[in-house]
Amino acid sequence: MKKYEFKITGLDCANCANEIQEELSKNSDLSNVIVSFAKQKLSYETDKVSKEEVIEKVKSVEPEVEIIDYKEQAKDLKNEEKQKENKVKLKKHIARLIIGAVIALIGLYAPMPQVIKTIFVIVGYAILLYRTATNAVKLLVKSRTINENLLITVSCIGAYLVGKSTEGLMVIILYEIGKILEEKAINKTRKSISDLMDIKPEYANLKEKNQINQVSPAEVNVGDIVIVKQGEKVPLDGIVLKGTASLNTASLTGESKPQDVKENDEVLSGSIVIEGLLEIKVTKEYKNSTVSKILELVENATDKKAKTETFVNKAAKIYTPIVLGIAALVAVFLPLISNVPYTSENGSIYRALIFLVISCPCAIAISVPLCYFSGIGKSSKEGILIKGSDYLDGIKDIKEIVFDKTGTLTTGKFTIDKIETYTNMTKEQITEYTVLGESYSNHPIAKSIINDVKQKEHTNILNKEEIEKFIEKNKSKVENCTEIAGKGISYSLEGKTILVGNSTLVGKDGKADSTKIYVKIDETVVGAISLIDEVKPETKSAIKGLHQKGIITKMFTGDSKEIAEKIAKEIEIDEVKSKMLPDDKYKGLEKEIANKQEKDKIAYVGDGINDSPVLALADIGISMGGMGAGSSIEASDVVIMTDNIDKINTAIDISKRTSKIIKQNLTFSIGVKIIVLILSVFGVANMWEAVFADVGATLITVLNAVRILK
């Protein structure tokens, strides 16, 4: 089936979004229908239903909404005429509100004949109720749907008929004011999240021959050269060919400290050049670039709803009919069991009308999705990409985390620990033959050895200058160079056959105290370089933070027992299992999941291709977005862009804060409604309290949700 996505504007009620989703879902030819109020997005899959049919069905539920092709939303949102049109529309609503209120108040309080006063009041009512009543009638006629528009209309007209015209007017006036303020608050929230994720480069300076042409990033190919000036965004992932610069990568990684880059350094799309000028060779086309992947992940994140959100949506659907039923019972039966009359100033009908005002479920329906949306936006700002509100909700329940070692707890960049010689050869000579051979390999260990020799001063171990001279002198003399997968390098130099690799390649039993690269010349193993994988600087503090949260930490690694236990002891991890193949890790995690409590979550953190099955199996799979393999990022539920595992603590904090605010919003909005409902039955509460229970509660929950972004 083909997937369709549209921008849906004019949607000012979360419950309305739920109604549209439910109505479209009734069509068996439409699959995976999602209407997101927070993102103003409609998506579905179909091979049979036309766009026009979908729009017609949406309009039957919500006549005021507008459907825009999602692919063109950026143009629409930046179109000045569109923005002016929205401002004019808002001004019209405000003008109608003021005019209607003034006319109605003149009718109520100006010294005029009663007939004229009545006409003024009715005209004021008509102007104020125009939008609400029109929408109510359209929905009732087209889709036989009852929502808050009809409830407010009936309650206002009913208040007028029972002699409470002043309170009826106050209901619609405050309702309209509330809707305007609510829309502004929601738009502010959306803008805050949009600002957090405003990383999409609008253009690329493509270098073609001696010209620089400004083109769309999507038009640039791998291998092309782009120029990025001060203040501009890096349009695509690439490698610096020329220049130096200081980059702001906060939107990508959450790291506020500027990153300095130079020739041969990798740069990520979406970074902003604070100072400098870069000439970059593109390594990924735009659809596969970092910025594109981030935007895609964040854009689709709230499509996966948490259980709380799903429950609230279902509850909202039955909430209004239940309250309507109670209102009818109050209106009809209250006089039969008490001395309350039907039509007096505080009669049963008036009390039932209060029920109608309160019954709008907007505050309940809007609070949960908006909180999750804000939580995902906040996480993105911190360099943590969470792929769905269900995962954001689950992070707070993590009780155990299993870590991969290499590239997760450690840097994944091996450095030289010691150099052994088994003959009369010097340490420099062992290193010379090793580096010469490894220069023909793309293996990460080979690159680590070369970089370590180039960048570090090994006092009393190596003479870097001698090694560089040897490489320069003999590079052209190397013959028959072959990389043997999983073992090492074989090459010939001046008639000698040289092997550089693991113990299997050279036919020697290696000790398990560290990773060793052996050097064999002809038939003799002449020496070895022992490598160590350094623990990341933040690992120990991150594990400590998890322990303080009561989370059990474990490590699954393919390394030897000695290495694994040494690392585990250094970072104070709770439990370690070594010499594990990918299948062993999978089975090991299966056992952990089988033994856990039902509500508890087990997370797995990894970065390699072989971690992908385990990441997919875990309740919460967390991958490293910087150094991590594409398959592991795809299989995971959470992506840490900086590879800093301390961000797991940040993610847990955001998840707990989001959950706390959701509970506050639900408790407040439901509690206020219940209190006002009970008070209205006993005649204590009037329309003023009812309006606060509806519009006021909605505004407060929206503003409370925005706090997550702080």
Which residues share a side-chain contact (heavy atoms from CB on, under 4.5 Å) with [X], sequence neighbours left out:
X    : result
V638 : I384, I386, I395, I620, I622
E575 : K554, K577
S541 : E538
E572 : K540

- request: Check the pair V267, I239 against side chain to side chain contact (heavy atoms under 4.5 Å, CB included), reporting the backbone distance first and the verdict last.
  value: CA-CA 6 Å; V267 290; I239 296 175; over 6 Å; no
- request: Can you see which heavy atom on I449 is nearest to which on E438, and at what distance?
  value: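 Minimum heavy-atom separation between I449 and E438: CD1-OE2, 3.8 Å.
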query: For Y286 and P235, which heavy atoms make the closest approach, and how far apart are they?
result: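 That closest heavy-atom pairing would be CD1-O, 4.0 Å.
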message: Applying the side-chain hydrogen bond (donor to acceptor under 3.5 Å, both in side chains) criterion to D646, which one of T650, N649, N644 satisfies it?
response: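 Among T650, N649, N644, the one that satisfies the side-chain hydrogen bond (donor to acceptor under 3.5 Å, both in side chains) with D646 is N649.
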With distance as the sole test, does [X] use its side chain to make a donor-acceptor pair with the main-chain N or O of [Y] at under 3.5 Å?
X    : Y    : result
N665 : I662 : no
D637 : G621 : yes
E285 : N221 : no
K387 : S636 : yes
N248 : I274 : no
K516 : N502 : no
T557 : K405 : no
T658 : C371 : no
K536 : G407 : yes

task: Evaluate side chain to side chain contact (heavy atoms under 4.5 Å, CB included) for F556 paired with D584, printing each intermediate quantity in order.
output: CA-CA 9 Å; F556 287 179; D584 296 327; over 6 Å; no
task: Sorted by first residue and then second, give each salt bridge (charged side-chain N to carboxylate O under 4.0 Å, His left out) pair with at least one member in residues 648-670; sequence neighbours left out.
output: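 Non-adjacent pairs meeting salt bridge (charged side-chain N to carboxylate O under 4.0 Å, His left out): K549-D653.
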message: Using the ring-ring contact (aromatic ring centres under 6.0 Å, His included) criterion, which residues pair with Y4? Sequence neighbours excluded.
response: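 Listed in chain order: Y44.
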The criterion is salt bridge (charged side-chain N to carboxylate O under 4.0 Å, His left out); which residues satisfy it with [X], sequence neighbours excluded?
X    : answer
D260 : none
D619 : K596
K281 : none

Residues in side chain to side chain donor-acceptor pair (under 3.5 Å) with [X], at least two apart?
X    : result
S441 : E483
D574 : H547, T553
K396 : D393

- request: Please tell me if the side chains of V222 and T283 come closer than 4.5 Å, counting only heavy atoms from C-beta onward.
  value: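 No, their side chains stay 4.5 Å or more apart.
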- prompt: Side-chain contact, heavy-atom cut-off 4.5 Å: L499 with V519?
  reply: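 In short, these two side chains do not touch, never coming nearer than 4.5 Å.
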field: Distance-only polar pair, side chains of Q664 and N704, donor-acceptor under 3.5 Å
entry: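 A pair is found: one side chain offers a donor N or O, the other an acceptor, under 3.5 Å apart.
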query: If you measure from CD on E382 to CD1 on I654, what distance do you get to the nearest 0.5 Å?
result: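 Going from CD on E382 over to CD1 on I654, the span is 5.5 Å.
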- request: Quick one: pull up CD1 in I376 and OG in S389 and give me the separation to the nearest 0.5 Å.
  value: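 Going from CD1 on I376 over to OG on S389, the span is 5.5 Å.
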